[in-house]
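Only one structure is covered here, and it is reproduced in the block below.
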Amino acid sequence: MPLFHHQVAKNFHQQLASLFTPAGLYYLYFPDHASLQQSYQAYTQAFISANCAKHMGMITYPDASIVPYLTVRSNILINGQQRDFSLLPESLRRDTLFLDQSAAHLTAVQSLYVQLFRGLLAGRQFLLMTDFPEAMTLQETRLFLTHAQAAVTRTDASLIILTTDESLIAANPDTSWKTPPALKPRHPETA
Amino acid sequence: MRFMERAIKALGYHRRAYLGGLVGVFFFSLLSLILLTAQFLNRQTQNAFTTRLQQFDSQTLTIAQHLVKATNTAYSAVSSQYQLWWWGLLAALFATTAGCALVFAFQRRQETLAYLLVGKSTTDVVAQYVLENLIIFTGGYLLAWCAAMLGGTWLDHWLHTLNLTLFEQHLTPNVSVASFQKVTKQLFAHRLTDFSGNDLMFPQRGMRMQPATLVGCMQTYLCGAGALIVSQALTYTAVISLQRHRLLHQD
């Protein structure tokens, strides 16, 4: 129903904005991986079918969204550059060797960073992320969250993390959901 | 610019497949140039034949009426045969590029998925893939053009022989050797012309008006590229739309 697309997108956007503002990190808890994956898929489909794909970035692991023949830099800038490159943490920004290498063999952690900053630099307002890869150490996770928090605050975006890790939920009671909210694009006549 | 970068990097990444494509395009372009040039030469020879006939007076020509008619029919038959082959060639290109796009689209599923997940539209992805193929097509075409230009003399000779062979094939069933000899004998009786017997119908080498030039360069490139764009855009759009639909509706 293309006629209602605009209205659906607007409704959906409002729905998201009411849930995930102010900008920051949000955690949705899932008891197991299966339900997490299912919900992640449902969220993604809701975004796309509500015509809100332009507001959303996706961060997945195992990463399907890295184009192997482009450099890391091109992968980060694949959706254009709305924000300044200085958004990247200095250690990453200065590592031109890494930025200009092919993105064919990224580690799980590297791929997460690429996907995070790709979304932020493109000016996406909501970033949807599946759980941290199991290979990631606690320290790496913490570092990632610190970098993400800093970047997200500067760009006025929200990073929504779907997780099975209860400690993350416990540590962030204000921005967490024990039961994830349902996201459904509504048509005007049913709204 | 990023779009171009993606296309060029992808060419390098899939170089083996595209090398095969380059060879295919090379042969298509070469054949198309040959057919169009041959057709042009054939038409030129026919015009020259008409010019030669003007050296006879109309009364003499009535004797050769049947022969002239048969000759013109043979020329036209050769011409339409070339035309038919050329369309066949174009259809083959259309089918082949569509088939290749189908296989290739499945091989590039992972890459397509990456683009779709990043938020690229189907049109965007299709445009990139078709552009890659268009670059290969242009490269293959230029190579074929160079080859045809370099082999010009040899090609000229060969096309002349080909035209003559086809011409004879089409003429022989309609004109017997005996009647041909009889008619030419009557035609050339007490007459001074700058050609004789067989050369009236189809001049030997050396009697040609001008050396052959390559004909149909624009037609080969535009029609080939057009066929490629249409067939591949349709195929890629179908496969990628299906992939996108599955992505959106999987449970």
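In what follows, chains are A, B, ... by sequence order, proteins preceding strands, each numbered from 1.
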Listed once per pair and sorted, the ring pair (Phe, Tyr, Trp, His ring centres under 6.0 Å) pairs that draw on residues 221-240 of chain B, sequence neighbours left out:
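Residue pairs passing ring pair (Phe, Tyr, Trp, His ring centres under 6.0 Å), neighbours aside: B:Y129-B:Y236, B:F137-B:Y221, B:Y141-B:Y221.
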Using non-hydrogen atoms and a 4.5 Å limit, figure out which bit of B:R108 sits close to chain A: side chain, backbone, both or neither.
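Contact with chain A: side chain only.
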Any donor and acceptor pair, going by atom type alone, linking the side chain of A:R124 with main-chain N or O of A:M56 inside 3.5 Å?
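At least one qualifying donor-acceptor pair exists.
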Within a 6.0 Å radius of atom [atom1] on [X], are there more than 12 heavy atoms belonging to other residues, nucleotides or ligands?
| X | atom1 | result |
| --- | --- | --- |
| B:L222 | CG | yes |
| A:R93 | CZ | yes |
| B:F106 | CZ | no |

Within residues 23-37 of chain A, which residues come under 4.5 Å of chain B, heavy atom to heavy atom?
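Within residues 23-37 of chain A, no residue comes under 4.5 Å of chain B, counting heavy atoms only.
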Do A:F20 and A:W177 have their ring centres less than 6.0 Å from each other?
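A:F20 vs A:W177: aromatic centres under 6.0 Å.
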